[in-house]
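Every chain is numbered from 1 and lettered A, B, ... according to where its sequence line falls, protein lines coming before strand lines. Computed from a predicted model, the values in this text were never measured in an experiment. Worth knowing before you read on, the calculation uses all heavy atoms, side chains too, and leaves out hydrogens, waters and symmetry mates.
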Protein chains: 2
Amino acid sequence: MQTSTGLDRRIVRTRDAIREALIDLMEEKGFEAISIKDITDRANINRGTFYLHYHDKFDLLDQTETEIIEDMKQILIREDSLGLEEYMISDRPHPIIIALFEYIQARSRMMHAILGLKANPNFQGRLKKAIESNLYFIGFAHHKSENDLLVPGEYLISYVAAAHMGVVQAWLNNGCRETPREMAQILSRLSFQGPFKAIR
Amino acid sequence: MQTSTGLDRRIVRTRDAIREALIDLMEEKGFEAISIKDITDRANINRGTFYLHYHDKFDLLDQTETEIIEDMKQILIREDSLGLEEYMISDRPHPIIIALFEYIQARSRMMHAILGLKANPNFQGRLKKAIESNLYFIGFAHHKSENDLLVPGEYLISYVAAAHMGVVQAWLNNGCRETPREMAQILSRLSFQGPFKAIR
DNA sequence: TTTATATACGACACTGTGTTGATTATTTAT
DNA sequence: ATAAATAATCAACACAGTGTCGTATATAAA
(Lines give C-alpha, C1' and ligand atoms only; values in the text may rest on other atoms or scores of the structure.)
Protein backbone atom coordinates (compact mmCIF):
# COMPACT_ATOMS: atom_id res chain seq x y z
CA MET A 1 0.00 0.00 0.00
CA GLN A 2 1.02 3.55 0.58
CA THR A 3 4.31 4.39 2.16
CA SER A 4 4.66 6.85 5.01
CA THR A 5 5.64 9.60 2.60
CA GLY A 6 2.48 8.91 0.66
CA LEU A 7 3.86 8.57 -2.85
CA ASP A 8 5.62 5.80 -4.71
CA ARG A 9 9.15 6.96 -5.42
CA ARG A 10 8.79 6.19 -9.09
CA ILE A 11 5.99 8.72 -9.25
CA VAL A 12 8.03 11.38 -7.50
CA ARG A 13 11.01 10.83 -9.76
CA THR A 14 8.92 10.92 -12.90
CA ARG A 15 7.04 14.07 -11.93
CA ASP A 16 10.22 15.83 -10.92
CA ALA A 17 11.79 14.92 -14.24
CA ILE A 18 8.75 16.17 -16.14
CA ARG A 19 8.73 19.44 -14.23
CA GLU A 20 12.42 20.05 -14.77
CA ALA A 21 12.03 19.32 -18.45
CA LEU A 22 9.11 21.74 -18.64
CA ILE A 23 11.15 24.55 -17.10
CA ASP A 24 14.08 23.92 -19.42
CA LEU A 25 11.89 23.88 -22.50
CA MET A 26 9.88 26.93 -21.53
CA GLU A 27 13.07 28.92 -21.26
CA GLU A 28 14.35 27.53 -24.55
CA LYS A 29 11.37 27.73 -26.87
CA GLY A 30 8.37 28.97 -24.92
CA PHE A 31 5.39 27.05 -23.66
CA GLU A 32 3.41 27.09 -26.87
CA ALA A 33 6.16 25.47 -28.94
CA ILE A 34 6.60 22.57 -26.55
CA SER A 35 5.32 19.12 -27.53
CA ILE A 36 4.73 16.20 -25.20
CA LYS A 37 7.52 14.38 -26.97
CA ASP A 38 9.87 17.27 -26.22
CA ILE A 39 9.06 16.93 -22.55
CA THR A 40 9.34 13.16 -22.34
CA ASP A 41 12.55 13.06 -24.36
CA ARG A 42 14.12 15.62 -22.07
CA ALA A 43 12.82 13.85 -18.99
CA ASN A 44 13.95 10.47 -20.28
CA ILE A 45 10.62 8.80 -19.87
CA ASN A 46 8.25 7.11 -22.27
CA ARG A 47 5.76 9.37 -23.97
CA GLY A 48 2.84 7.32 -22.72
CA THR A 49 4.05 7.74 -19.15
CA PHE A 50 3.32 11.45 -19.35
CA TYR A 51 -0.36 10.69 -19.73
CA LEU A 52 -0.35 8.62 -16.54
CA HIS A 53 0.31 11.87 -14.68
CA TYR A 54 -1.21 14.70 -16.68
CA HIS A 55 -4.00 15.02 -19.17
CA ASP A 56 -2.02 17.32 -21.44
CA LYS A 57 0.61 20.02 -21.22
CA PHE A 58 -1.92 22.57 -20.05
CA ASP A 59 -2.81 20.36 -17.14
CA LEU A 60 0.86 20.10 -16.28
CA LEU A 61 1.32 23.85 -16.36
CA ASP A 62 -1.85 24.39 -14.39
CA GLN A 63 -0.85 22.07 -11.57
CA THR A 64 2.59 23.64 -11.42
CA GLU A 65 1.11 27.11 -11.23
CA THR A 66 -1.40 26.13 -8.59
CA GLU A 67 1.33 24.85 -6.30
CA ILE A 68 3.22 28.13 -6.56
CA ILE A 69 0.13 30.20 -5.87
CA GLU A 70 -0.66 28.04 -2.84
CA ASP A 71 2.89 28.40 -1.54
CA MET A 72 2.62 32.15 -1.78
CA LYS A 73 -0.71 32.23 -0.01
CA GLN A 74 0.90 30.28 2.82
CA ILE A 75 3.59 32.93 3.09
CA LEU A 76 0.97 35.64 3.28
CA ILE A 77 -0.72 33.81 6.15
CA ARG A 78 2.40 32.73 8.01
CA GLU A 79 3.89 36.17 8.33
CA ASP A 80 1.07 37.58 10.36
CA SER A 81 1.19 40.70 8.36
CA LEU A 82 -0.24 44.13 8.70
CA GLY A 83 1.09 47.00 10.69
CA LEU A 84 0.93 48.76 7.36
CA GLU A 85 1.13 52.27 8.80
CA GLU A 86 4.36 51.54 10.65
CA TYR A 87 6.11 50.49 7.49
CA MET A 88 4.62 53.41 5.64
CA ILE A 89 6.30 55.88 7.97
CA SER A 90 9.60 54.13 8.50
CA ASP A 91 11.77 53.30 5.50
CA ARG A 92 11.83 49.61 6.35
CA PRO A 93 10.44 47.04 3.89
CA HIS A 94 7.57 44.82 4.94
CA PRO A 95 8.61 41.30 6.07
CA ILE A 96 5.95 39.68 3.91
CA ILE A 97 7.39 41.26 0.80
CA ILE A 98 10.87 40.11 1.78
CA ALA A 99 9.61 36.57 2.32
CA LEU A 100 7.94 36.55 -1.08
CA PHE A 101 11.12 37.68 -2.81
CA GLU A 102 13.02 34.97 -0.96
CA TYR A 103 10.57 32.39 -2.21
CA ILE A 104 10.88 33.65 -5.76
CA GLN A 105 14.65 33.65 -5.58
CA ALA A 106 14.73 30.07 -4.30
CA ARG A 107 12.80 28.98 -7.40
CA SER A 108 14.07 31.62 -9.76
CA ARG A 109 14.42 29.31 -12.74
CA MET A 110 10.85 28.15 -12.45
CA MET A 111 9.53 31.63 -11.75
CA HIS A 112 11.41 33.11 -14.68
CA ALA A 113 10.07 30.44 -16.99
CA ILE A 114 6.53 30.89 -15.78
CA LEU A 115 6.50 34.69 -15.61
CA GLY A 116 8.70 35.47 -18.60
CA LEU A 117 7.96 36.55 -22.13
CA LYS A 118 7.75 33.00 -23.44
CA ALA A 119 5.33 31.86 -20.80
CA ASN A 120 1.63 31.35 -20.85
CA PRO A 121 -0.12 34.56 -19.74
CA ASN A 122 -2.45 32.56 -17.56
CA PHE A 123 -0.17 32.52 -14.53
CA GLN A 124 0.44 36.23 -14.72
CA GLY A 125 -3.30 36.75 -14.47
CA ARG A 126 -3.67 34.36 -11.58
CA LEU A 127 -0.83 35.90 -9.63
CA LYS A 128 -2.09 39.40 -10.23
CA LYS A 129 -5.47 38.32 -8.94
CA ALA A 130 -3.87 36.87 -5.82
CA ILE A 131 -1.98 40.11 -5.22
CA GLU A 132 -5.12 42.14 -5.77
CA SER A 133 -7.21 40.12 -3.36
CA ASN A 134 -4.46 40.45 -0.79
CA LEU A 135 -4.39 44.20 -1.28
CA TYR A 136 -8.11 44.18 -0.63
CA PHE A 137 -7.55 42.05 2.44
CA ILE A 138 -5.09 44.44 4.03
CA GLY A 139 -7.57 47.17 3.35
CA PHE A 140 -5.68 48.94 0.68
CA ALA A 141 -8.66 50.63 -0.87
CA HIS A 142 -11.34 48.82 0.97
CA HIS A 143 -12.42 50.53 4.14
CA LYS A 144 -12.32 53.84 2.40
CA SER A 145 -15.31 54.88 0.40
CA GLU A 146 -14.76 55.73 -3.22
CA ASN A 147 -15.21 59.39 -2.35
CA ASP A 148 -12.10 59.35 -0.21
CA LEU A 149 -9.99 58.13 -3.09
CA LEU A 150 -8.27 60.29 -5.65
CA VAL A 151 -8.91 57.53 -8.22
CA PRO A 152 -11.32 54.57 -8.40
CA GLY A 153 -10.16 51.87 -6.00
CA GLU A 154 -10.29 49.30 -8.74
CA TYR A 155 -7.64 51.06 -10.80
CA LEU A 156 -5.56 51.81 -7.75
CA ILE A 157 -5.41 48.07 -7.06
CA SER A 158 -4.62 47.20 -10.67
CA TYR A 159 -1.90 49.82 -10.76
CA VAL A 160 -0.09 48.52 -7.70
CA ALA A 161 -0.53 44.84 -8.51
CA ALA A 162 0.78 45.20 -12.03
CA ALA A 163 3.63 47.45 -10.92
CA HIS A 164 4.83 44.95 -8.36
CA MET A 165 4.69 42.13 -10.86
CA GLY A 166 6.66 44.22 -13.33
CA VAL A 167 9.42 44.80 -10.83
CA VAL A 168 9.57 41.10 -10.04
CA GLN A 169 9.85 40.31 -13.73
CA ALA A 170 12.63 42.83 -14.18
CA TRP A 171 14.46 41.34 -11.21
CA LEU A 172 14.20 37.84 -12.66
CA ASN A 173 15.42 39.06 -16.04
CA ASN A 174 18.48 40.52 -14.33
CA GLY A 175 19.30 37.22 -12.70
CA CYS A 176 18.17 38.22 -9.20
CA ARG A 177 21.29 40.27 -8.53
CA GLU A 178 19.75 42.32 -5.70
CA THR A 179 18.88 40.67 -2.42
CA PRO A 180 15.26 40.04 -1.45
CA ARG A 181 15.55 42.73 1.19
CA GLU A 182 16.83 45.27 -1.33
CA MET A 183 13.98 44.46 -3.69
CA ALA A 184 11.40 44.77 -0.95
CA GLN A 185 12.94 48.11 -0.08
CA ILE A 186 12.66 49.28 -3.67
CA LEU A 187 9.01 48.29 -3.89
CA SER A 188 8.16 49.95 -0.60
CA ARG A 189 9.70 53.24 -1.61
CA LEU A 190 8.06 53.24 -5.03
CA SER A 191 4.61 52.55 -3.65
CA PHE A 192 4.74 54.61 -0.45
CA GLN A 193 6.40 57.68 -1.89
CA GLY A 194 5.28 57.35 -5.50
CA PRO A 195 7.38 56.67 -8.59
CA PHE A 196 7.86 60.31 -9.57
CA LYS A 197 8.87 61.30 -6.07
CA ALA A 198 11.53 58.63 -6.32
CA ILE A 199 13.43 60.80 -8.76
CA ARG A 200 14.61 63.59 -6.57
CA MET B 1 -7.69 52.32 -61.59
CA GLN B 2 -7.87 53.13 -57.92
CA THR B 3 -4.42 52.00 -56.98
CA SER B 4 -3.89 54.57 -54.28
CA THR B 5 -3.62 51.74 -51.82
CA GLY B 6 -1.44 49.76 -54.16
CA LEU B 7 -3.21 46.59 -53.08
CA ASP B 8 -5.64 44.36 -54.93
CA ARG B 9 -9.01 44.59 -53.24
CA ARG B 10 -9.21 40.84 -52.91
CA ILE B 11 -6.09 40.97 -50.78
CA VAL B 12 -7.49 43.65 -48.55
CA ARG B 13 -10.76 41.81 -48.08
CA THR B 14 -9.03 38.54 -47.29
CA ARG B 15 -6.62 40.04 -44.79
CA ASP B 16 -9.40 41.96 -43.08
CA ALA B 17 -11.43 38.78 -42.79
CA ILE B 18 -8.46 36.89 -41.38
CA ARG B 19 -7.76 39.59 -38.84
CA GLU B 20 -11.37 39.79 -37.70
CA ALA B 21 -11.47 36.02 -37.36
CA LEU B 22 -8.29 36.10 -35.32
CA ILE B 23 -9.70 38.62 -32.88
CA ASP B 24 -12.94 36.67 -32.49
CA LEU B 25 -11.13 33.42 -31.85
CA MET B 26 -8.60 34.89 -29.45
CA GLU B 27 -11.43 36.16 -27.30
CA GLU B 28 -13.22 32.83 -27.53
CA LYS B 29 -10.53 30.24 -26.98
CA GLY B 30 -7.18 31.99 -26.67
CA PHE B 31 -4.39 32.24 -29.19
CA GLU B 32 -2.79 28.91 -28.46
CA ALA B 33 -5.95 26.90 -29.08
CA ILE B 34 -6.54 28.44 -32.49
CA SER B 35 -5.88 26.37 -35.61
CA ILE B 36 -5.46 27.68 -39.13
CA LYS B 37 -8.66 25.90 -40.05
CA ASP B 38 -10.48 27.75 -37.26
CA ILE B 39 -9.35 31.03 -38.75
CA THR B 40 -10.13 30.23 -42.38
CA ASP B 41 -13.52 28.73 -41.54
CA ARG B 42 -14.45 31.85 -39.62
CA ALA B 43 -13.08 34.11 -42.33
CA ASN B 44 -14.81 32.12 -45.06
CA ILE B 45 -11.72 31.55 -47.10
CA ASN B 46 -9.90 28.44 -48.22
CA ARG B 47 -7.29 27.12 -45.85
CA GLY B 48 -4.59 27.32 -48.50
CA THR B 49 -5.33 31.00 -49.00
CA PHE B 50 -4.11 31.74 -45.51
CA TYR B 51 -0.63 30.65 -46.49
CA LEU B 52 -0.59 33.10 -49.39
CA HIS B 53 -0.58 35.88 -46.78
CA TYR B 54 1.08 34.54 -43.66
CA HIS B 55 3.64 31.89 -42.93
CA ASP B 56 1.77 30.63 -39.88
CA LYS B 57 -0.43 31.95 -37.10
CA PHE B 58 2.54 33.41 -35.28
CA ASP B 59 3.42 35.45 -38.32
CA LEU B 60 -0.15 36.71 -38.43
CA LEU B 61 -0.06 37.73 -34.80
CA ASP B 62 3.34 39.29 -35.20
CA GLN B 63 2.33 41.48 -38.12
CA THR B 64 -0.82 42.56 -36.30
CA GLU B 65 1.16 43.48 -33.21
CA THR B 66 3.75 45.36 -35.19
CA GLU B 67 1.13 47.59 -36.77
CA ILE B 68 -0.28 48.50 -33.39
CA ILE B 69 3.13 49.29 -31.95
CA GLU B 70 3.94 51.47 -34.97
CA ASP B 71 0.62 53.31 -34.63
CA MET B 72 1.40 54.07 -31.02
CA LYS B 73 4.88 55.30 -31.80
CA GLN B 74 3.32 57.69 -34.32
CA ILE B 75 1.06 59.06 -31.59
CA LEU B 76 4.04 59.61 -29.34
CA ILE B 77 5.75 61.59 -32.09
CA ARG B 78 2.72 63.52 -33.34
CA GLU B 79 1.78 64.99 -30.01
CA ASP B 80 4.97 66.89 -29.60
CA SER B 81 5.08 65.90 -26.04
CA LEU B 82 6.99 66.96 -23.01
CA GLY B 83 6.28 69.83 -20.71
CA LEU B 84 6.36 67.14 -18.08
CA GLU B 85 6.82 69.49 -15.15
CA GLU B 86 3.73 71.51 -16.04
CA TYR B 87 1.53 68.46 -15.91
CA MET B 88 3.21 67.30 -12.76
CA ILE B 89 2.16 70.45 -10.92
CA SER B 90 -1.28 70.92 -12.40
CA ASP B 91 -3.83 68.16 -12.08
CA ARG B 92 -4.33 67.92 -15.83
CA PRO B 93 -3.59 64.71 -17.69
CA HIS B 94 -0.98 64.69 -20.40
CA PRO B 95 -2.37 64.91 -23.98
CA ILE B 96 -0.21 62.05 -25.15
CA ILE B 97 -1.72 59.73 -22.59
CA ILE B 98 -5.20 60.85 -23.62
CA ALA B 99 -4.39 60.20 -27.27
CA LEU B 100 -3.13 56.73 -26.47
CA PHE B 101 -6.29 55.85 -24.56
CA GLU B 102 -8.35 57.13 -27.47
CA TYR B 103 -6.45 54.87 -29.83
CA ILE B 104 -6.93 51.89 -27.54
CA GLN B 105 -10.64 52.59 -27.21
CA ALA B 106 -11.08 52.84 -30.98
CA ARG B 107 -9.67 49.31 -31.31
CA SER B 108 -10.79 47.99 -27.98
CA ARG B 109 -11.78 44.56 -29.27
CA MET B 110 -8.41 44.01 -30.84
CA MET B 111 -6.53 45.43 -27.87
CA HIS B 112 -8.48 43.33 -25.41
CA ALA B 113 -7.79 40.21 -27.42
CA ILE B 114 -4.13 40.97 -27.72
CA LEU B 115 -3.53 42.17 -24.15
CA GLY B 116 -5.90 39.87 -22.32
CA LEU B 117 -5.39 36.70 -20.34
CA LYS B 118 -5.83 34.44 -23.34
CA ALA B 119 -3.34 36.30 -25.47
CA ASN B 120 0.24 35.58 -26.34
CA PRO B 121 2.53 37.27 -23.78
CA ASN B 122 4.78 38.47 -26.55
CA PHE B 123 2.85 41.65 -27.24
CA GLN B 124 2.75 42.58 -23.60
CA GLY B 125 6.51 42.44 -23.56
CA ARG B 126 6.85 44.47 -26.73
CA LEU B 127 4.48 47.15 -25.52
CA LYS B 128 6.16 47.36 -22.17
CA LYS B 129 9.48 47.82 -23.92
CA ALA B 130 8.02 50.61 -26.04
CA ILE B 131 6.68 52.33 -22.93
CA GLU B 132 10.00 51.93 -21.19
CA SER B 133 12.03 53.37 -24.02
CA ASN B 134 9.64 56.29 -24.16
CA LEU B 135 10.05 56.86 -20.45
CA TYR B 136 13.78 56.95 -21.04
CA PHE B 137 13.26 59.38 -23.89
CA ILE B 138 11.31 61.88 -21.83
CA GLY B 139 14.11 61.64 -19.30
CA PHE B 140 12.21 59.87 -16.63
CA ALA B 141 15.22 58.41 -14.92
CA HIS B 142 17.76 59.26 -17.49
CA HIS B 143 19.37 62.61 -16.90
CA LYS B 144 19.58 61.89 -13.23
CA SER B 145 22.49 59.87 -11.97
CA GLU B 146 21.71 56.72 -10.06
CA ASN B 147 22.76 58.51 -6.88
CA ASP B 148 19.91 60.96 -7.21
CA LEU B 149 17.36 58.20 -7.29
CA LEU B 150 15.71 56.58 -4.32
CA VAL B 151 15.69 53.31 -6.25
CA PRO B 152 17.62 51.96 -9.27
CA GLY B 153 16.34 53.68 -12.40
CA GLU B 154 15.81 50.36 -14.06
CA TYR B 155 13.23 49.26 -11.50
CA LEU B 156 11.61 52.65 -11.46
CA ILE B 157 11.01 52.29 -15.19
CA SER B 158 9.74 48.74 -14.89
CA TYR B 159 7.41 49.77 -12.09
CA VAL B 160 5.78 52.58 -14.02
CA ALA B 161 5.59 50.75 -17.34
CA ALA B 162 3.98 47.67 -15.82
CA ALA B 163 1.62 49.76 -13.70
CA HIS B 164 0.35 51.69 -16.70
CA MET B 165 -0.20 48.50 -18.67
CA GLY B 166 -2.07 47.01 -15.76
CA VAL B 167 -4.45 49.94 -15.64
CA VAL B 168 -5.04 49.69 -19.37
CA GLN B 169 -5.83 46.00 -19.03
CA ALA B 170 -8.25 46.67 -16.20
CA TRP B 171 -9.93 49.36 -18.27
CA LEU B 172 -10.33 46.98 -21.22
CA ASN B 173 -11.73 44.28 -18.93
CA ASN B 174 -14.33 46.76 -17.72
CA GLY B 175 -15.44 47.50 -21.24
CA CYS B 176 -13.82 50.93 -21.43
CA ARG B 177 -16.51 52.59 -19.35
CA GLU B 178 -14.41 55.60 -18.39
CA THR B 179 -13.45 58.16 -21.01
CA PRO B 180 -9.87 58.36 -22.29
CA ARG B 181 -9.49 61.66 -20.46
CA GLU B 182 -10.66 60.16 -17.18
CA MET B 183 -8.22 57.28 -17.56
CA ALA B 184 -5.35 59.61 -18.34
CA GLN B 185 -6.30 61.58 -15.25
CA ILE B 186 -6.24 58.43 -13.12
CA LEU B 187 -2.81 57.44 -14.40
CA SER B 188 -1.39 60.89 -13.87
CA ARG B 189 -2.55 61.05 -10.27
CA LEU B 190 -1.30 57.58 -9.46
CA SER B 191 2.15 58.22 -10.89
CA PHE B 192 2.65 61.84 -9.84
CA GLN B 193 1.29 61.55 -6.33
CA GLY B 194 1.99 57.87 -5.71
CA PRO B 195 -0.52 55.06 -5.24
CA PHE B 196 -0.57 55.20 -1.43
CA LYS B 197 -1.07 58.94 -1.40
CA ALA B 198 -4.09 58.36 -3.58
CA ILE B 199 -5.91 56.89 -0.59
CA ARG B 200 -6.47 59.98 1.50
C1' DT C 1 -12.32 43.20 -73.74
C1' DT C 2 -7.62 41.10 -72.31
C1' DT C 3 -4.35 40.10 -68.96
C1' DA C 4 -2.75 39.26 -64.45
C1' DT C 5 -3.29 37.13 -60.32
C1' DA C 6 -5.90 35.98 -56.07
C1' DT C 7 -8.55 32.36 -54.55
C1' DA C 8 -10.61 27.61 -54.50
C1' DC C 9 -10.00 22.80 -54.43
C1' DG C 10 -8.16 18.27 -53.63
C1' DA C 11 -4.22 15.71 -52.53
C1' DC C 12 0.13 14.75 -50.40
C1' DA C 13 3.61 13.56 -46.70
C1' DC C 14 4.50 14.80 -42.23
C1' DT C 15 4.20 15.73 -37.18
C1' DG C 16 1.91 15.50 -32.98
C1' DT C 17 -2.02 13.76 -30.01
C1' DG C 18 -4.31 10.81 -26.78
C1' DT C 19 -5.47 6.00 -25.97
C1' DT C 20 -5.02 0.97 -25.58
C1' DG C 21 -3.31 -3.73 -24.39
C1' DA C 22 0.41 -6.53 -23.30
C1' DT C 23 4.89 -6.77 -21.07
C1' DT C 24 8.64 -5.56 -17.97
C1' DA C 25 10.64 -3.33 -13.95
C1' DT C 26 10.45 -1.36 -9.53
C1' DT C 27 8.54 -0.39 -5.16
C1' DT C 28 6.09 -1.45 -1.11
C1' DA C 29 4.40 -4.36 2.38
C1' DT C 30 4.56 -8.66 4.82
C1' DA D 1 13.35 -12.45 1.07
C1' DT D 2 9.43 -12.83 -1.17
C1' DA D 3 4.85 -11.79 -2.99
C1' DA D 4 1.61 -8.46 -4.38
C1' DA D 5 0.83 -4.06 -6.28
C1' DT D 6 1.55 -0.84 -9.59
C1' DA D 7 4.50 2.30 -12.33
C1' DA D 8 6.89 2.48 -16.54
C1' DT D 9 7.80 0.70 -21.21
C1' DC D 10 6.68 -0.37 -25.87
C1' DA D 11 4.25 -0.79 -30.22
C1' DA D 12 0.31 0.32 -32.52
C1' DC D 13 -3.93 2.82 -33.51
C1' DA D 14 -7.19 6.47 -35.34
C1' DC D 15 -7.34 11.14 -35.54
C1' DA D 16 -6.38 16.19 -36.22
C1' DG D 17 -3.58 19.79 -37.80
C1' DT D 18 0.32 21.49 -40.75
C1' DG D 19 2.52 23.31 -44.80
C1' DT D 20 2.94 22.66 -49.75
C1' DC D 21 1.76 21.23 -54.14
C1' DG D 22 -0.65 21.54 -59.21
C1' DT D 23 -4.58 22.79 -61.46
C1' DA D 24 -8.82 25.11 -62.20
C1' DT D 25 -11.78 29.08 -61.40
C1' DA D 26 -13.06 33.76 -60.22
C1' DT D 27 -12.18 38.47 -60.02
C1' DA D 28 -9.61 42.58 -60.18
C1' DA D 29 -6.89 45.91 -62.96
C1' DA D 30 -5.29 47.52 -67.50
Side-chain angles (χ1 to χ4, degrees), chain A residues 1-64 67 113 118-120 122, chain B residues 1-64 67 113 118-120 122:
Chain A
M1 285 307 190
Q2 302 282 3
T3 176
S4 55
T5 58
L7 277 181
D8 192 315
R9 295 185 167 171
R10 288 170 293 185
I11 296 180
V12 177
R13 272 194 294 109
T14 298
R15 291 195 182 157
D16 282 353
I18 289 176
R19 175 151 319 176
E20 281 304 307
L22 175 71
I23 298 173
D24 277 1
L25 292 164
M26 281 182 71
E27 300 256 40
E28 284 176 26
K29 36 164 48 183
F31 181 73
E32 187 155 5
I34 298 175
S35 71
I36 307 296
K37 193 173 186 312
D38 287 336
I39 296 172
T40 53
D41 279 356
R42 184 69 59 105
N44 278 313
I45 60 169
N46 187 273
R47 189 171 68 88
T49 303
F50 177 90
Y51 295 101
L52 297 175
H53 297 273
Y54 306 99
H55 177 262
D56 53 28
K57 68 169 178 168
F58 299 96
D59 182 38
L60 165 61
L61 183 65
D62 200 70
Q63 288 192 32
T64 307
E67 285 178 29
K118 295 177 185 171
N120 182 300
N122 190 41
Chain B
M1 185 67 75
Q2 192 53 262
T3 52
S4 62
T5 61
L7 275 181
D8 193 316
R9 294 183 169 168
R10 289 171 292 184
I11 296 180
V12 177
R13 271 196 295 110
T14 298
R15 290 194 182 159
D16 283 352
I18 289 176
R19 175 151 319 175
E20 281 304 308
L22 176 70
I23 297 173
D24 277 1
L25 291 163
M26 281 183 70
E27 301 255 40
E28 284 175 27
K29 35 165 42 184
F31 181 73
E32 186 154 5
I34 298 174
S35 72
I36 307 297
K37 193 172 184 317
D38 286 337
I39 296 173
T40 54
D41 279 356
R42 183 70 59 107
N44 278 313
I45 61 170
N46 187 271
R47 191 171 66 88
T49 303
F50 177 89
Y51 295 100
L52 298 175
H53 297 273
Y54 305 99
H55 178 262
D56 53 28
K57 68 169 178 169
F58 299 96
D59 183 37
L60 164 62
L61 183 65
D62 201 70
Q63 288 192 33
T64 307
E67 285 177 30
K118 294 176 185 170
N120 182 300
N122 191 40

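When heavy atoms are screened at a 4.0 angstrom cut-off, B:S35 is found touching the sugar-phosphate backbone but no base atom. When heavy atoms are screened at a 4.0 angstrom cut-off, A:R15 is found touching no nucleic acid atom at all. Backbone-only contact: B:I45 has heavy atoms under 4.0 Å from sugar-phosphate atoms and none from a base.
Of the charged side-chain nitrogens involved, none lies within less than 4.0 Å of a carboxylate oxygen, so that B:E20 and B:R15 do not count as a salt-bridged pair.
Atoms NZ (A:K37) and C1' (D:dC10) sit 14 Å apart, rounded to a whole Å. Whole-Å rounding puts the A:R9 CZ to D:dA5 C1' distance at 16 Å.
Residue B:Y51 places none of its side-chain N or O atoms closer than 4.0 Å to OP1 or OP2 of D:dT20. An OP1 or OP2 oxygen of C:dT7 is reached within less than 4.0 angstrom by a side-chain nitrogen or oxygen of B:T14.
Applying the ring pair (Phe, Tyr, Trp, His ring centres under 6.0 Å) rule to pairs touching residues 10-35 of chain A yields A:F31-A:F58, sequence neighbours excluded.
Below the 3.5 angstrom threshold, one finds a donor paired with an acceptor across the side chain of A:R47 and the base of C:dG18.
Nearest nucleotide to the side chain of B:R10, out of D:dA26, C:dC9, D:dG19: D:dA26.
The number of heavy atoms from other shown groups lying within 6.0 Å of NZ (B:K37) does not exceed 12.
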